[in-house]
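Computation of the quantities below employed the complete heavy-atom set of this structure, encompassing side-chain atoms and omitting hydrogens, waters and symmetry-equivalent molecules. Start at 1 and go down the list; that is how both ligands and their atoms are numbered. Nothing fancy with the numbering, it's 1 onward along the sequence.
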Amino acid sequence: MSKTYKIGVIRGDGIGPEIVTEALKVLDRVGSVCDMNFEYNEMLLGGAAIDATGVPFPEATKSGVSECDAVLFGAIGGSKWDSLERHLRPESGLLALRSHMGTFANLRPAVVYDELVNASTLKPEVISGVDIMVVRELTGGIYFGQPREYLSDHAYNTMIYTKNEVERIAKIAFEIAQKRDKRVCSVDKANVLEVSQFWRDIVTEIAKGYPDVELSHMYVDNAAMQLIRNPKQFDVILTSNLFGDILSDAASMLSGSIGLLPSASTGKGVGLYEPIHGSAPDIAGQGIANPLATISSAAMMLKYALNEIEASQKIDNAIKQALKDGYRTGDIGAYDAKTICNCSQMGDVIVSYIK
Ligand code: NAD
C-alpha cells in the first residue's frame, strides 16, 4: 500500500505562491513515480495572514503545523505591511513560527552546480566544486534576545545564548560533518563579544565528543572575506542566528543566484523547509521567479523529514539534468542557456525529468 504524508503548505507573500505551486507539482510527480501520496494542508502566515485574519501567525497555523509530517514554506513580506508595528509585521510571524516549531537548526547547503560555474560573479576556478553546509542557529541569539526596545533617543537588542542552545546546534553540525568531509569551522566574534567567547568555549567542549571531526574557529569578518576569497576551504560552517543569516546570503552568490538555495530547519519535531530567499516583491506576480530553491527544499524535506532518500535524489538529479540541458530562469539566464523558462515552465521541465 502506498504511503501518505501530511504536508503543511505555507505559500506566503510575493513570489511565495508562485514558487510553492511548482514545488507541489514536482512533489506530486515524484509521489506518483515512487508510490507515495501527499496530502496538503494549506496554512496562512505573514502578509497573507494579516490580510485574512489581522495577525501574521494565526492560531489555525499554530495548531496546523504540529499535525503535519513536515511543512513546506515559500516566503513572506512586502512593503504593504512594512509600516505596521514590528510585532504585527510578516517577519514577526515567521520568527514566531520557527520558535513555535522549535526548529533551532537551519541547514543551508551552498553547492555550485558544474553547469553554472559561469553564473557566479566569482571566477570559475574559485567556485568550481564548492560544497558548503552552513549550520545556522535559528531560534536564539539577537533575533530573539530580551530585552529589546526602540526608544526616542536610543534603541537596543540583546544577543544571548544559553549553554543548551549552543550545545544542541554544535552537535548537529558535528553529526553532519561526520557524513561529509569531517571539518567544522565555527564562526563567531569572540575577540569582541562575551556571547561569542561563550559560544566558542562550548563548541570546543562539544568537539571532544567527535574526535574524527576537525574543528577550527574563525571570526565572522574574516569568514565573510574567506567565503569570497577561497570558499573551497569550508566544509561545515557552524554559526549563530545573525551571522548565519548574513553569511548564507553571501554563500548563495557562489552558486550564481539566491533563487537556487534551499534550506531545512529541524529541531524538536516537525521540520520547516524553505528557500533561503525572501518574497522578492520586485518580481512578484510576473511569473519569472526561479522555483529551484523551493523545489530543492522539497527534496530536502523528503530526505530529512520523511527519509525518502530515493525520491529526494530523483528531484536533485532532475534539477542537475535540467541545468545541464541548458534550461534557465531569467536570474541565471545569461549563463550557457539554451532555453529560458518562466517559473511554471521550469517546474514542468523538472517534472518531465523525474522518471
Ligand atoms: P529577497 O530575497 O526577497 O530578494 C533579493 C533579490 O533577489 C531581489 O532582487 C529578488 O528579485 C531576487 N530573488 C529572490 N528570490 C528569487 C528567485 N526565486 N528567483 C529570482 N530572483 C530572486 O530579499 P529582499 O528584497 O531583501 O526582501 C524582500 C522581502 O522578503 C522583505 O519583506 C523581507 O523582509 C522578506 N524576506 C523574507 C524571507 C523569508 O520569508 N524567509 C527572507 C528574507 C527576506
query = Between atom CG of D188 and atom CG of L238, what is the distance when rounded to the nearest 0.5 Å?
reply =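 Output value for this atom pair is 9.5 Å.
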
task = Scan for salt bridge (Lys or Arg N to Asp or Glu O under 4.0 Å) pairs involving residues 111-127, sequence neighbours excluded, and state none if there are none.
result =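 Qualifying pairs, neighbours excluded: none.
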
inquiry  = Listing request: all salt bridge (Lys or Arg N to Asp or Glu O under 4.0 Å) pairs with a residue in residues 133-151, at least two apart in sequence or in separate chains.
reply    =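 Sorted result for residues 133-151: R136-D245.
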
message = I need the full list of side chain to side chain donor-acceptor pair (under 3.5 Å) pairs touching residues 2-18, with sequence neighbours left out, sorted by first then second residue.
response =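 Counting only pairs at least two positions apart or across chains, the side chain to side chain donor-acceptor pair (under 3.5 Å) contacts touching residues 2-18 are S2-N37, K3-E308, Y5-E308, R11-T21, R11-E42.
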
query = Salt bridge or not for D235 and K182, using N-O below 4.0 Å?
reply =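 Looking at K182 together with D235, the answer is no, because their closest N to O distance does not fall below 4.0 Å.
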
query = Quick one: do D348 and K25 make a salt bridge, cutoff under 4.0 Å?
reply =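 Salt bridge flag = yes for K25 with D348.
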
Short N or O separations between ligand 1 and the protein, below 3.5 Å:
residue  : atom   : partner : partner atom : Å
ligand 1 : 2 (O)  : G278    : N            : 2.7
ligand 1 : 3 (O)  : G278    : N            : 3.4
ligand 1 : 3 (O)  : S279    : N            : 3.3
ligand 1 : 3 (O)  : A280    : N            : 2.8
ligand 1 : 9 (O)  : D282    : OD2          : 2.8
ligand 1 : 11 (O) : D282    : OD1          : 2.8
ligand 1 : 11 (O) : D282    : OD2          : 3.0
ligand 1 : 15 (N) : H277    : ND1          : 3.3
ligand 1 : 18 (N) : H277    : NE2          : 3.2
ligand 1 : 18 (N) : N290    : O            : 3.0
ligand 1 : 19 (N) : N290    : N            : 2.9
ligand 1 : 30 (O) : I76     : O            : 3.4
ligand 1 : 30 (O) : S279    : N            : 3.1
ligand 1 : 30 (O) : S279    : OG           : 3.2
ligand 1 : 32 (O) : G78     : N            : 3.3
ligand 1 : 32 (O) : E91     : OE2          : 3.2
ligand 1 : 34 (O) : E91     : OE2          : 2.4
ligand 1 : 40 (O) : I76     : N            : 2.9
ligand 1 : 41 (N) : E274    : OE1          : 3.4

